Structure formats: C-alpha cells, structure tokens
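Accompanying notes for the structure given below.
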Amino acid sequence: MTHMLLALTLSLASVPVITLERTRCFGTCPAYKLTIFDDGKVLFEGKEFVKHKGREEGQITKAELDGLVREFNKINYLKLDDEYGTDDRCPDMWTDYPSAITSINQNGQVKRILHYQGCRGLTVLDQLTALENKIDEVVKTKRWIE
C-alpha cells in the first residue's frame, strides 16, 4: 500500500520541461534561474541583482509552453553543441559578459546548453539569444527582476 501511494504521489508531481539560468557578469547583470514544469508552473529563483531574491512562482498556459517547445525545435536545439563561447571556435570574444544556460526535457531526452553571451559572430548564437529572450518574455520574468 505504501509503495502504491508513493508511486501515485510521484506520478502527480510536475516534471521540469524547460530551464533558463542567467549567470552574473562583471557588473550588475541579473542572476536567476527559471524552471518551467509540464503543467505550466514556473519557478523563479532570484540570486543577485534582482528585485525578488529567493523563490517566486508563476504560471504559463499549455499553449505558451507548447510554443516555447516549438521555439527549441525550430533551431534544432537537441542537435546543437553543449557549449558556445567557452572555446577557440568563437569568432569575436567580448569579456565580462554573463552566460545563459538553457535546457529542455522532451520525450525523455534531456539537453543542456551553456551559452557565453560575450561570444559573437555565429548565427547559432543569435538563435540562442532569441530563444533565451523568448523564454523570459513568455514567463514575464521582468516582474521579478526589475
């Protein structure tokens, strides 16, 4: 009976689908992490240079979540490299910028990308930046950072 109750509890738990973490820079860049769950729940964890430090919760619709997943698919996210801007392949490197770390859990496949935003000059970097900004826009992250 206890095992069945535990299994039922775990099956009702939300699963993280998308994450976005923005790291510190040499300055006052907001540092935080967003986790978007399969039920549309959003968890914001404010770290530094944000209006709300600690945890906040929000909600997006199923349609908004599906739209974000489509944005990941549009840039073939699962086939991209795991890191951008941390090696010699960066055509134009600017120092003291933050990184954005995104991830998606789709059909049991999990992919995470570290994107140093001081790396410029590759089309994929513009696509990643647009994706990161879209996540913030849909979640309405500004309410917690400004």
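Reckoned from all heavy atoms, side chains included, excluding hydrogens, waters and symmetry mates. Predicted model, so just to flag it, every value in this text is computed and none were measured.
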Working to the nearest 0.5 Å, report the span between [atom1] of [X] and [atom2] of [Y].
X: Asn107; Y: Asn105; atom1: CG; atom2: CG; result: 8.5 Å
X: Ile104; Y: Leu68; atom1: CD1; atom2: CG; result: 8.5 Å
X: Glu146; Y: Phe49; atom1: CD; atom2: CZ; result: 15.0 Å
X: Leu114; Y: Leu128; atom1: CG; atom2: CG; result: 10.0 Å
X: Leu78; Y: Asn73; atom1: CG; atom2: CG; result: 6.5 Å

Does [X] have any salt bridge (charged side-chain N to carboxylate O under 4.0 Å, His left out) partners at least two apart in sequence or in another chain, and if so, which?
X: Lys53; answer: none
X: Arg120; answer: none
X: Lys41; answer: Glu57
X: Asp39; answer: none

task = Enumerate the residue pairs fulfilling disulfide bond (SG atoms under 2.5 Å apart) with a member in residues 15-44, sequence neighbours excluded, ordered by first and then second residue.
result = Cys25-Cys29

query = Which residue pairs pass the disulfide bond (SG atoms under 2.5 Å apart) test when at least one of the two sits in residues 93-146, sequence neighbours left out?
reply = Cys90-Cys119

message = A quick test of your reading: do over 12 heavy atoms of other residues, nucleotides or ligands sit less than 6.0 Å from CZ of Arg143?
response = yes

Looking at side-chain heavy atoms only, is the closest gap between [X] and [Y] below 4.5 Å?
X: Ile135; Y: Leu34; answer: yes
X: Ile18; Y: Leu65; answer: yes
X: Glu132; Y: Thr102; answer: yes
X: Gln117; Y: Pro98; answer: yes

Decide whether [X] and [Y] are clustered together by the hydrophobic rule: side chain heavy atoms of Ile, Leu, Val, Met, Phe, Trp, Tyr closer than 4.5 Å, transitively.
X: Val124; Y: Ile75; answer: yes
X: Ile145; Y: Val139; answer: yes
X: Ile101; Y: Leu43; answer: no
X: Leu131; Y: Leu122; answer: yes

query = Is there a donor in the side chain of Thr19 and an acceptor in the side chain of Thr35, or the other way round, less than 3.5 Å apart?
reply = no

Could you note down all residue pairs passing ring-ring contact (aromatic ring centres under 6.0 Å, His included) where [range] supplies at least one of them, sequence neighbours left out?
range: residues 97-119; value: Trp94-Tyr97
range: residues 18-38; value: Tyr32-Phe44
range: residues 58-77; value: Phe72-Tyr77

inquiry  = Please check this pair: side chain of Glu64 against backbone of Thr61, looking for a donor-acceptor N/O pair closer than 3.5 Å.
reply    = yes

Sidechain-backbone polar pair: Thr23 side chain, Ser99 backbone, donor-acceptor under 3.5 Å = yes

task = For Thr95, check side chain to side chain contact (heavy atoms under 4.5 Å, CB included) against everything at least two apart and list the hits.
result = none

inquiry  = Assess the residue pair Asp66 and Arg70 against the criterion (salt bridge (Lys or Arg N to Asp or Glu O under 4.0 Å)); give the C-alpha distance rounded to whole Å, side-chain angles, the decisive distance to 0.1 Å, and a yes or no.
reply    = CA-CA 6 Å; Asp66 291 345; Arg70 279 193 300 277; 5.2 Å; no

key: Pair listing, salt bridge (Lys or Arg N to Asp or Glu O under 4.0 Å) test, anchored in residues 42-51, at least two apart   = Glu21-Lys47, Arg24-Glu48

task = Give every residue pair that meets the salt bridge (Lys or Arg N to Asp or Glu O under 4.0 Å) criterion with at least one member in residues 72-84, sequence neighbours excluded.
result = Glu71-Lys74, Asp81-Arg89, Asp82-Lys111

inquiry  = Between Lys140 and Val42, does the side-chain contact (heavy atoms from CB on, under 4.5 Å) criterion hold? Intermediate values first, please.
reply    = CA-CA 10 Å; Lys140 297 176 181 66; Val42 176; over 6 Å; no

key: side-chain contact (heavy atoms from CB on, under 4.5 Å) between Val17 and Ile36, worked out   = CA-CA 6 Å; Val17 176; Ile36 305 171; 5.6 Å; no

